[in-house]
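Remarks on the structure that follows.
Numbering of residues begins at 1 and proceeds along the displayed sequence.
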Amino acid sequence: MEKKTLKEKLKKINIIDLIAVVLIVLVALVVLWKVADKILPFDKDPGTASSSTVGATSQTPAGSGAASSSGEKEDPMVYVTFTVRAENKPAAMYEKVQEHIPSQLMMSGVLYDGWVVGVEKEPVLVLASDGTWVEDPKHVNLLFTVEATVPRTAIMTTLVGTQEVRIGDPGYDLNTEYLEFRDTTVVDVKWEDWDFGADRKETNKEKLEKKGLQPITYVVRAENRPAALYENVKEYIPSQLMASGALQYGWVVGVEKEPVMVLTAGGEWVEDPAHVTLLFTVEAYVPRTDVKTTLVGTQEVRIGRPQYTLKTEYLEIRNTTVVDIDWGR
């Protein structure tokens with residue numbers, strides 16, 4: 001019998017070892033693939049909540065995603081429904097926009113996880129020469145309902161696409177693939193399953209006084225706002241002030257309304273049924289300084305100041321006027 005040399009034996013062993021290594025690697029890859037498929041959150045449907053993030057091109061309306069099957073983990077998204085009001089638009093536009101609803105939100109060429117899901121119309125009222133209010137047959141106010149999902153964060157910014165949404169914001173641009181309405185007013189927002197932190201004021205008040213901060217109370221006046229806004233903002237008071245995404249040492253603690261008066265051709269003042277003036281009361285804490293700058297958040301507050309922006313987690317009322325301040329003790 002011919003004996004094999006040592007070199008031939010080693011060559012045979014190396015080939016067997018190589019085949020064994022390849023088989024082991026293939027088995028490991030198959031096992032890893034099956035484990036990863038079970039653990040990692042790969043969503044087959046791009047419209048579900050787990051895959052719908054800000055900037056995602058979701059193809060289904062917000063709110064279609066299911067919550068966690070275990071029910072243990074908190075949903076990382078908050079579902080919101082908000083209404084924007086576009087005033088004094090051509091009457092024929094109402095029928096046209098209905099043809100393109102539902103319509104997905106879009107900004108800068110990117111689709112976002114939000115949809116315009118409905119539209120209603122209200123009459124535009126004009127004052128007649130005899131002092132009565134009559135409907136304008138050529139114009140309507142449009143009320144758009146939008147459903148969206150936003151990230152669940154410690155401080156609610158309600159970032160829909162590239163715009164933050166708050167009740168009272170008069171500069172919201174409603175953009176979809178087929179619709180574009182600029183400078184609409186957000187008249188209502190509903191946050192589903194969200195803790196509004198109503199106890200924050202009492203929790204922090206004692207701490208702020210111990211810091212040596214001075215308590216002040218001031219009133220801001222927002223003129224000629226949609227009448228429906230009054231009832232909607234009351235739902236979210238008290239509401240903590242916010243600036244640049246951070247909560248500030250101040251709270252909106254109350255709101256009152258005054259009628260908006262319009263002068264008739266005959267020289268009489270009549271009440272505008274579609275608009276009101278809102279008076280917000282704010283309690284805040286400011287540093288005690290030799291010179292009173294009354295810095296609340298990022299804005300200085302003084303009687304008579306115009307263009308003050310009243311901004312909280314849930315409200316945004318721009319172009320208000322500070323009409324009163326009580327500096328307290």
Side-chain angles (χ1 to χ4, degrees), residues 85 87 155-158 163-173 182-187 189 200-201 204-205 208-209 211-263 269 272 275-329:
R85 178 187 178 95
E87 294 192 347
I155 300 172
M156 178 51 70
T157 58
T158 316
Q163 299 181 94
E164 295 182 356
V165 177
R166 296 181 183 85
I167 300 173
D169 183 0
Y172 181 81
D173 292 336
R182 300 183 183 181
D183 295 326
T184 69
T185 299
V186 180
V187 294
V189 184
R200 283 180 180 157
K201 183 174 185 295
N204 290 282
K205 184 176 180 180
L208 294 175
E209 290 182 348
K211 288 178 178 286
L213 298 176
Q214 178 181 353
I216 66 168
T217 302
Y218 59 99
V219 179
V220 298
R221 178 185 179 93
E223 297 189 349
N224 203 30
R225 308 299 162 125
L229 210 54
Y230 174 67
E231 295 296 335
N232 294 335
V233 299
K234 284 201 302 183
E235 293 184 29
Y236 300 100
I237 293 177
S239 187
Q240 190 166 2
L241 298 183
M242 185 175 74
S244 302
L247 296 176
Q248 306 298 316
Y249 295 153
W251 289 262
V252 177
V253 296
V255 62
E256 297 179 2
K257 67 176 179 178
E258 292 181 350
V260 171
M261 307 303 292
V262 182
L263 187 63
W269 290 96
D272 180 352
H275 297 87
V276 293
T277 292
L278 300 175
L279 296 167
F280 293 91
T281 300
V282 182
E283 293 180 359
Y285 292 81
V286 298
R288 296 181 185 271
T289 56
D290 293 334
V291 179
K292 286 191 183 302
T293 57
T294 318
L295 184 64
V296 179
T298 58
Q299 300 179 94
E300 294 184 355
V301 179
R302 299 181 183 87
I303 296 174
R305 171 178 174 166
Q307 298 182 339
Y308 176 81
T309 298
L310 184 67
K311 186 176 181 179
T312 77
E313 284 185 277
Y314 314 112
L315 311 176
E316 184 164 347
I317 314 295
R318 302 182 194 176
N319 298 322
T320 71
T321 301
V322 181
V323 294
D324 191 18
I325 302 179
D326 180 1
W327 279 272
R329 55 188 184 278

(request) Start with the C-alpha gap between V233 and V252, add the side-chain angles, then the distance that decides, and say whether side-chain contact (heavy atoms from CB on, under 4.5 Å) holds. (result) CA-CA 10 Å; V233 299; V252 177; over 6 Å; no
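- Without hydrogens or angle criteria, Y236 side chain to I167 main chain gives no donor-acceptor distance under 3.5 Å.
- The OG1 atom of T184 lies 7.0 Å from the CG atom of D173; values are rounded to the nearest 0.5 Å.
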(message) Please determine whether side-chain contact (heavy atoms from CB on, under 4.5 Å) holds for the pair L315 and I237, giving the CA-CA distance in whole Å, both sets of side-chain angles, and the decisive distance to 0.1 Å.
(response) CA-CA 9 Å; L315 311 176; I237 293 177; 4.3 Å; yes
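- By the side-chain contact (heavy atoms from CB on, under 4.5 Å) test, E300 pairs with T293, L295, R302, R305, sequence neighbours left out.
- Annotation: side chain to side chain donor-acceptor pair (under 3.5 Å) contacts of T320 (sequence neighbours excluded): none.
- The salt bridge (Lys or Arg N to Asp or Glu O under 4.0 Å) pairs that include a residue from residues 238-247 number zero, where partners must be two or more places apart or lie in different chains.
- No side-chain heavy atom of V220 sits under 4.5 Å from any side-chain heavy atom of I317.
- Contacts of D272 classified as side chain to side chain donor-acceptor pair (under 3.5 Å), with partners at least two apart in sequence or in another chain: H275.
- The closest side-chain heavy-atom distance from W327 to T294 is below 4.5 Å.
- Residues passing the side-chain contact (heavy atoms from CB on, under 4.5 Å) test with T281 are T217, V219, V253, sequence neighbours excluded.
- We find the CZ-CG distance between R225 and L278 to be 7.5 Å, quoted to the nearest 0.5 Å.
- The side-chain contact (heavy atoms from CB on, under 4.5 Å) test applied to P226 returns R85, E87, T185, V187, L229, not counting sequence neighbours.
- Distance CG/L310 to CZ/R318: 12.5 Å, rounded to 0.5 Å.
- Ring orientation note: the planes of Y218 and Y308 are nearly perpendicular, at an angle over 60° on the 30°/60° scale.
- A search for ring pair (Phe, Tyr, Trp, His ring centres under 6.0 Å) contacts involving Y172 returns F82, not counting sequence neighbours.
- Annotation for V276 and A227: closest pair CG2-CA, 4.0 Å, computed over non-hydrogen atoms.
- Under the side chain to side chain donor-acceptor pair (under 3.5 Å) criterion, N232 pairs with no residue at all, not counting sequence neighbours.
- Atoms CD and CZ, from Q214 and R288 in turn, are 5.0 Å apart once rounded to the nearest 0.5 Å.
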(request) Report the C-alpha distance between Y314 and R166 in whole Å, list the side-chain angles of each, state the deciding distance to 0.1 Å, and finish with yes or no for side-chain contact (heavy atoms from CB on, under 4.5 Å). (result) CA-CA 5 Å; Y314 314 112; R166 296 181 183 85; 5.9 Å; no
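- By the side-chain contact (heavy atoms from CB on, under 4.5 Å) test, T277 is found to be paired with R221, E223, E258, V260, residues two or more places apart in sequence or in another chain being considered.
- Going from atom OG of S239 over to atom CD of E316 covers 11.5 Å, rounded to the nearest 0.5 Å.
- The distance from atom CG of L241 to atom CD of Q248, rounded to the nearest 0.5 Å, is 7.5 Å.
- By the salt bridge (charged side-chain N to carboxylate O under 4.0 Å, His left out) test, E256 pairs with no residue at all, sequence neighbours left out.
- With sequence neighbours excluded, no residue forms a salt bridge (charged side-chain N to carboxylate O under 4.0 Å, His left out) with K211.
- Here Y249 pairs with nothing under the side chain to side chain donor-acceptor pair (under 3.5 Å) rule; sequence neighbours left out.
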(message) Pair Q307, N319 - check side-chain contact (heavy atoms from CB on, under 4.5 Å), show working.
(response) CA-CA 4 Å; Q307 298 182 339; N319 298 322; 4.0 Å; yes
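- Across T289 and V291, no two heavy atoms sit closer than the pair OG1-O, 2.5 Å.
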